[in-house]
Amino acid sequence: VAQQADLSEEVDQRLFLKWLWDEICRLPVRQRMALLLNLRDEGGGVAGLLPITGIASLRQIAAALEMADEDFASLWPRLPLDDASIGGLLGVTRQQVINLRKCARERLARRMKAIDEKK
Amino acid sequence: MNEHLTEHLIERYRGRVLQPADLLDADDHLAACEICRRRLADEGRVQAAGRSLRRDLAATGLTHLAFEQLASYVEGGLDPADREIADSHLELCPQCAAELDGLRAFATQMEAHPPGEYQVKESAPGKRPSFLERLRSFPTGLLGTSEGFWRSPALGLASLGLIVALSLWAAVLKSRNSQLQTALDGTQRENEKLKQDYQAAADSVAELQNQLAQLKPPDSSPFVVALNDGPGQVTLDREGNVAGVPSEYQRAVKQTLTAEQIRTPPTLSELIGKSGVLMGPADEGHPIALLGPVGTVVMSDHPVFRWRALDGADGYVVKIYDADFNEVASSPRLSRTMWTATRSLQRERTYSWQVTAQVNGKEVLSPVKPAPDASFMVLDQAKANDLIHAKKAGGNSHLILGILYAQAGLLDDAERELQALLRANPQSPLAHKLLRSISDKRSG
C-alpha cells in the first residue's frame, strides 16, 4: 500500500510539473523568461528538473525562451538567474522582471485554481 | 548517442560543468533515454519541487496595480513591459479593471477643460501637463481661490464628477482594506497552525532519533567489512566469509575486500603506457582534449568516441587505426563532439584514434607527436559474454560489476560502478580506496 501511495505521489507530482511546463509555454515570452530563468523552490533551481524528468529537453526550453540552443546551454550552469541578469537579457529593469514574474504567477495560480475547482 | 551516458558524464551533467556542445549532446541522449534520465533524477527532489511549486502557486494572490500605474496607463505613458504587466493583471482583476474605467471616464472629462482653468503645479514650461499632474493639481483648484473655476458650469460639473469619482475610490479602498485584513487574519491563523505542525514534527524527529540510537548495533560488529550495495549489503566477517554475493563471485569479492584494491589485467598497463595521460584539458600534443576511450578496454565493438569542442571548429573527422597504424575506419564530417564507430572493430585488438578539427579552413589534429597515441582495446567476446551474464546474475551489485569491469580492463565502466558504490557508502574508507585504486591506474 505504501509503495502504491509513493507511486501515486510520484505520478501526481510529475503530472503537475508537466502541466506547469505547458502553462509556462502559454505565457507571453517576457513572462515566460522572467519565471523560468528564475524558477526555484526551497531545494534550489527547478528548471534543471525538466530534462531529467523527460518533461522538456534543453533544446525545447531554449525554443520556449526564443533563444539559440548554444546560448541557452551556456546559461544553464548559472540557473536560476538573478533578476538583474534576466533584466539584462530582456532589456528591462530589475523591478519590471519582478513584476513580469508576479503576473506570470498570478496567471498560473488562476489556472491552477480553475482546475482544482473543476475536480 | 547510442550508448548510455557514462557515470563520468552523468557526474559532469549533475555538476553542471559540461561545455555547451557536450551538454546538448548529453541532453539529446537524455531526451530519448529513460534509463539515463532515471539515473539522473532524484525522485525525492522531483516530488519536493512539485509539492513546493504547487503550494507556492496556491498561496499566490493578486497584487493590485498602484494608482500611479493606472494613471500612467490611462495617459499611455507605460513602456511595453509595464503595459504588458498592467494588461496581464487587468485581465485577471475585475477590481482594477473597474478602477481603470473610472479613471478613464474622469480623464475624458478633464480633457474637455484646458489646464488654464485650474492650477497645474508640476508641468514643465511649454509642455502639456500629464493626466496625473492635472489630477494632482485638482484639489488646489477645487479648494483654492480661482474664481473662474466656480463660475464655469462645465468645471462645476467636472468637480461634481471628481467628487463622485473620489467617493467611489474611497469605497474601493475601504473594500480593498477589508479584503487585506481578512487575508491577514487568514495568514496569521495559518502561521499559528504551521508553528504547531513544526513543533509536532520536531518532537517526532527527536523521538525517531532516540529509537534509532537504541537500534544501532553494538560496536562489537561481527563484520570487518559491511558495504551497502544495490538492494542489499555485502559483508566480510572475521573468519573471511563473504555474504550478500552470489557464490560464483564470492572469491573475487573476498580477494578484493581483503587486499583493499582491485586487480587489473597487464594489457591495461600497456594501453595506459601507450596513451599516457590524454584526458582532461587540451595541452601540448593534444590541441583537442580527448575524453575517451583512452588507455582502456571497451566492451562494445562499435565504440563511442568523445572529445571536447575546439573553439572556432566547424567540423570534426575521427579516424581509427590498427596497431600497425593502418586506417581501419573513418567518420564523415561531424558537427558534434562524439561519434559511434559505424563498422565493427575486431575483438582482442588494440586500436588508436585521432580527431581532426577544421578551423578557418585549416586542419587541427589531436593527438600529435610527441604526445602518446590514444589507444584502446576491444574486449574479447568470451569476456564480454561473462560481463553481460554478471550484469544479470550480480543482482545490480556495483561492487561485483566494478571488480569484474576492472579485471577485464574496462576502466571507464569500473569507475562508474565504484562511484555508485561510494555514493551508497560515503563514509566507507574502503569504498574510497577501491575507487582510488582505479583512478590511480589511469593517472599512471
Side-chain angles (χ1 to χ4, degrees), chain A residues 6 9-10 12-17 20 27-28 30-31 34 39-46 48-49 51-54 56-62 69-79 87 90-93 95-97 99-100 102-113 116, chain B residues 10 13-34 36-65 69 78-82 84-93 309:
Chain A
D6 287 349
E9 169 76 357
E10 179 183 336
D12 192 40
Q13 298 308 345
R14 280 180 181 247
L15 282 175
F16 172 73
L17 288 175
L20 186 64
L27 293 169
R30 272 192 282 236
Q31 294 182 31
L39 198 58
R40 63 174 87 208
D41 68 351
E42 298 95 332
V46 172
L49 300 179
I52 61 176
T53 48
S57 68
L58 251 75
R59 291 182 199 279
Q60 285 171 320
I61 303 173
D69 295 347
E70 289 74 16
D71 292 345
F72 181 61
S74 306
L75 276 184
W76 185 252
R78 293 169 51 208
L79 294 184
L90 280 170
V92 302
T93 65
Q95 187 56 51
Q96 284 176 318
V97 172
N99 289 345
L100 284 164
K102 178 178 69 68
C103 288
R105 295 166 67 87
E106 282 179 355
R107 195 176 286 256
L108 294 176
R110 177 63 63 94
R111 288 178 187 161
M112 191 174 84
K113 195 175 170 195
D116 287 346
Chain B
I10 292 266
Y13 184 99
R14 205 175 265 142
R16 299 197 190 188
V17 291
L18 287 173
Q19 294 296 311
D22 296 335
L23 175 63
L24 288 170
D25 282 342
D27 188 65
D28 287 342
H29 176 79
L30 284 175
C33 178
E34 194 181 346
C36 284
R37 287 203 302 268
R38 288 261 168 203
R39 285 166 64 201
L40 265 167
D42 172 353
E43 197 48 54
R45 171 80 186 95
V46 173
Q47 291 189 30
R51 280 192 296 270
S52 169
L53 291 172
R54 197 191 290 241
R55 209 169 39 234
D56 203 23
L57 280 185
T60 299
L62 292 176
T63 309
H64 296 289
L65 297 174
Q69 283 176 288
L78 294 179
D79 72 14
D82 282 331
E84 177 182 323
I85 290 161
D87 279 335
S88 189
H89 178 77
L90 288 165
E91 244 180 74
L92 302 176
C93 180

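Residue numbers begin at 1 in each chain, while the letters A, B, ... track the order of the sequences.
Heavy atoms closer than 4.5 Å to chain B are found in the side chain of A:Arg14, but not in its backbone. At a 4.5 Å heavy-atom cutoff, B:Arg39 makes no contact with chain A through either its backbone or its side chain. Of the atoms belonging to A:Gln31, heavy atoms from both backbone and side chain fall under 4.5 Å from chain B. Within the 4.5 angstrom heavy-atom criterion, atoms from both the backbone and the side chain of A:Leu100 approach chain B. For A:Lys113, no part lies under 4.5 angstrom from a heavy atom of chain B. The contact between B:Glu91 and chain A is made entirely by side chain atoms (from C-beta outward), counting heavy-atom distances below 4.5 Å. For chain A, the nearby part of B:Ala31 is the side chain; its heavy atoms alone come within less than 4.5 Å. Proximity to chain B (any heavy atom under 4.5 Å) is shown, for A:Leu27, by neither the backbone nor the side chain.
Considering every non-hydrogen atom in both A:Pro51 and B:Tyr13, the closest pair reads CB-OH, 3.5 Å. Here the closest non-hydrogen pair linking B:Leu23 and A:Ala73 is CD2-O, 3.7 Å. The heavy-atom pair separating B:Glu84 from A:Pro28 by the smallest distance is OE2-CB, 3.5 Å.
Under the 4.5 Å side-chain criterion, counting only non-hydrogen atoms from C-beta, B:Pro80 is in contact with A:Arg30. Side-chain contact between B:Leu57 and A:Arg111 is absent, with no heavy-atom pair separated by less than 4.5 Å. Between B:Arg45 and A:Ile52 the shortest side-chain heavy-atom distance does not fall below 4.5 Å. A:Leu58 has its side chain out of reach of B:Leu30: every pair of non-hydrogen atoms, C-beta onward, lies at least 4.5 Å apart. Within the 4.5 Å cutoff, the side chain of B:Asp28 has heavy atoms near those of the A:Arg59 side chain.
With hydrogens and angles disregarded, no donor-acceptor distance shorter than 3.5 Å links the side chain of A:Asp41 to the backbone of B:Ser52. Counting only distance, with no hydrogens or angles, the side chain of A:Arg110 and the backbone of B:Leu92 share a donor-acceptor pair below 3.5 Å. No donor-acceptor pair closer than 3.5 Å links the side chain of B:Arg51 to the backbone N or O of A:Gln13.
Atom CG in B:Asp42 sits 8.5 Å away from atom CG in A:Leu49 (nearest 0.5 Å).
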